[in-house]
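So that the names make sense, note that chain A is the first sequence line, chain B the second, and so on, each numbered from 1. For clarity, every value in this text was computed on a predicted model and none was experimentally measured.
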Amino acid sequence: MPSEFEKPYDPKTVEPEIYKKWEESGFFNPDKLSSKKSKPFTIIMPPPNANGALHIGHAVFVTLQDIMTRYQRMRGKKALWLPGADHAGFETQVVYDKKLEKEGRSRFKIPRDELWKEMWDFTEENKKVMENQLRKLGASCDWSREKFTLNPDIIETVYDTFKKLYDDGLAYRDNRIVNWCTKHQTTLSDVEVKYIEKKDPLYYIKYGPVTLATVRLETKFGDTAVAVHPKDKRYKNLIGKEIEIKTLLGPTKIKVIGDEIVDPEFGTGVVKVTPAHDPNDFEIWKKHKDEIPGPRSVIDQYGRMDLSAFIDRENAKKYHGLKVMEARKLIEEDMQKEGLMEKIDQEYTHTVATCYKCGAILEPRILPQWFIAMTKPIGKTKKSLRDLGVETVKKGEIKFLPSRMEKIYMHWMKNLRDWNISRQIVWGIRIPAWYRGKEIYVGKENPSGEGWEQDRDVFDTWFSSGQWPFAALGYPGSKDFKNFYPTDVMETGWDILFFWVARMVMLGKYRTGKMPFRTIYLHGLVRDKDRQKMSKSKGNVIDPLGVSELYGTDAVRMALIIGNTPGNDVVISEEKIRGYRNFANKIWNASRFVITHTKTPPEKNKVKYASKDKEMLKKLSNTSKDVTKHMEQCRFYQAAETLYHFFWHFYADKVIEEMKERLTFEDGTAEKETAKALLLEFHFTLMKLLHPFMPFITERVWQELNLNNRTLLMIETWPQP
RNA sequence: GCGCCCUUAGCUCAGUGGUAGAGCGUUCCCUUGACAUGGGAAAGGCCAGAAGUUCAAUCCUUCUAGGGCGCACCA
């Protein structure tokens, strides 16, 4: 026994050596694996955002996906786990904005090209860090196929998809009311909006002959109409008429319209219509375009009052330039002075749209943006993107784990609205659209001719990552696409079911005609032992690399997988990791025992299993069967727990103890040789079964067990149950 | 409003149509030659409540209570 095979187990020295051995063997690459006949098994790694180090949540997906990949590889499949990194558009922009802020700089003052270059270097650096972290976590992914979402070939695929959507009439540019974050100076899609409950004063204000209720007092300058329910007896006679109202900017006239959207029960049953600053009002205006004036914007991109259009009117200068909330307060006071305020309900609670990143209240604005039509039929097929997404799942082409996520997916699909894919940031794939007057050109190459100007916006990062499975495999022309698509499993967090998974299904189906993956495995969020979400601000984060260094990667992986059922959050604590560090040590010590006693291999002709031995072996094969069944059904947590229990409380506690006496017999006796054979049988099998979960220690032990025929455990055959 | 989920040992969670398991924690014993990052033993649960289906329910159905979450609307 080599000197380093001592107690206790020291992962720090073992792990880097083992990983190097694996990587140099080339077997992470499925092309190097076995015969041509074997089936492929593909997982495309959800590309981590290249804007920081990996956190414990990443370690969860690494563990799960590596378990699947290693298992399938041992089952003889051509296992491909394709790694990647995401430029993560807006997310990275936010991270980088913060960095700039600390340095006393602002992205709005840096030329586009310069900022791009800086951010490119920033992500490149992060990528390198991440790659090494993935290695430390034991990820058996094929580095030769690694992709970045800003690789030229990926961008080309994304451009092609956009062009196709445009040609099919699904991608369109329109002036519509969108979610605007005044801090980040960009629009956000509907899924990026976080709704919060908020208590705000509800103002009952006098508009000539009627009184109406509103929270957004400051938008009154942008009113273009007043709406009531068409059947509301109280106001029926006013519909279609202009009413004269007193405002803080002097008297004016405004039209009353009837629309069913108005709830007669709410407030006074009268609504002011401000199409420039309210999504509903925008819809009302679209319906009543012929009757009422167009949207009148009174708030600018920074969330300040912009009354330039009324600047000659009395008082206009007073409010012009004020922040929304300041303006609201002042208008409240002034209206009270003028006797225009009937009452104020201070107990009114409603939900407001906020930016999911910074929490700032979003300011709806009308802007020219690119949208993807989600419900519009595509050409002759008469099917919309939504139809594709719904159908694929309904037909069972994609299996959800846990299955209840399918319902959530369907429910979301039902409420789909068109997707705003324009972002007013620098970091991302720039939209390949050019304008010249009213002409629009969409294409991969710059248009010919003079006077074209490219759209300044970039794509929503989820638009490109929504194409990741086929893009990363080199669609359409590559061999990899032919061999490995559709992929087998997509494994990611349930929190991005809508952001990412739904989009991948729709875009994958749309572009390639096939679903992007057969199974979608959704893991939960990592929480600490008090069930709190881990976050830097709470100071309860566990750094996966830190604990790996301390307790060993195998222990961390076990702690992350046990108790980790699909769709449910995972609770992890250092105590739990320590528990599995003890288990690793147990494996190590049991291995030391077996190895010392089997230095001379058992003499096969002397081996005679007694009925009790056979019983034990039967238990082993039953366990093997159970574990395999769990693996096949993606119940990795069960497989891991079964193995843990079996190794410790049956194999170590019972079998090894039982064999100790027999090992005191002379060499060459049936007792001793049988004991050796039995121990080896157990050990070989258990190392294999444990390998997907605890790859490092099992591989290291394997190297000692397999003295004559030195192969890698990583590519050994999974035990036949 | 529409929809999803949870309620099992002190804690965190598994699980099964035939009256329950793990880890951690707790108590007691043991430094025996793989292992004290250990071994052995033990305590601890009418599986939220009620009704129904069934020969049989913690597991299926319905309702109730408490908790979590998603979506939509909100003037």
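Considering only the side chain of A:Tyr195, B:rC73 comes nearest among B:rA75, B:rA14, B:rC73. Comparing B:rC24, B:rC71, B:rA14 by their closest approach to the side chain of A:Trp412 singles out B:rC71. The side chain of A:His649 lies closest to B:rG23 when the candidates are B:rG23, B:rA22, B:rA75. Each of B:rG15, B:rC73, B:rA75 was ranked by its minimum atom distance to the side chain of A:His350; first place goes to B:rA75. Nearest nucleotide to the A:Tyr637 side chain, out of B:rA75, B:rC71, B:rA14: B:rA14.
Using N1 to N3 plus N6-O4 or O6-N4 for Watson-Crick, or N1-O2 and O6-N3 for G-U wobble, each under 3.5 Å, B:rU31 pairs with nothing. Judged by Watson-Crick or G-U wobble contacts below 3.5 Å, the nucleotide B:rA14 has no partner.
When heavy atoms are screened at a 4.0 angstrom cut-off, A:Glu575 is found touching no nucleic acid atom at all. Among the atoms of the strands shown, none is found under 4.0 Å from any heavy atom of A:Ile562. A:Tyr348 comes within 4.0 angstrom of the backbone, heavy atoms only, and of no base.
Ring to ring, A:Tyr651 and A:His683 are close: their centroids are under 6.0 angstrom apart. In this structure, the ring of A:Tyr409 has its center less than 6.0 angstrom from the ring center of A:Phe400. Aromatic ring centres of A:Tyr348 and A:His350 lie closer together than 6.0 Å.
Stacking between A:Phe266 and the base of B:rA75 is present: ring centres sit under 5.5 Å apart and the planes differ by under 30 degrees.
Between B:rU54 and B:rA65, the two C1' atoms lie 27 Å apart (nearest whole Å). A gap of 13 Å separates the P atoms of B:rU16 and B:rU7, to the nearest Å. On the C1' atoms, B:rA72 is 10 Å away from B:rG3, given to the nearest whole Å. Comparing the C1' positions of B:rC6 and B:rA14 gives an interatomic distance of 14 Å, to the nearest angstrom.
A:Lys272 and A:Thr274 share a donor-acceptor pair across their side chains, judged by distance under 3.5 Å alone. Residues A:Asn420 and A:Ser189 have side chains that never bring a donor and an acceptor to within less than 3.5 angstrom of each other.
Under 4.0 Å is where a charged nitrogen must lie from a carboxylate oxygen, and between A:Asp667 and A:Lys672 at least one such pair does. Checked for salt-bridge contact, A:Asp10 and A:Lys12 miss the test: no charged N lies under 4.0 Å from a carboxylate O.
For the pair A:Val270 and A:Ile408, both in contact range of RNA chain B, the more 5′-proximal nearest nucleotide belongs to A:Ile408. Annotation: of the two residues near RNA chain B, A:Ala227 and A:Arg635, the 5′-most nearest-nucleotide partner is A:Arg635.
Considering A:Phe650, A:Phe693, A:Tyr580 as possible partners of A:Tyr644, the one that fulfils the ring-ring contact (aromatic ring centres under 6.0 Å, His included) test is A:Tyr580.
Contact annotation: A:Lys407 does not reach the phosphate of B:rG70 (side-chain N/O to OP1 or OP2, under 4.0 Å).
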* Encode nucleotides 28-38 of chain B as B, S and - characters from 5' to 3', where the letter depends on protein heavy atoms closer than 4.0 Å: B to the base, S only to sugar-phosphate, - to neither. => ------BBSBS

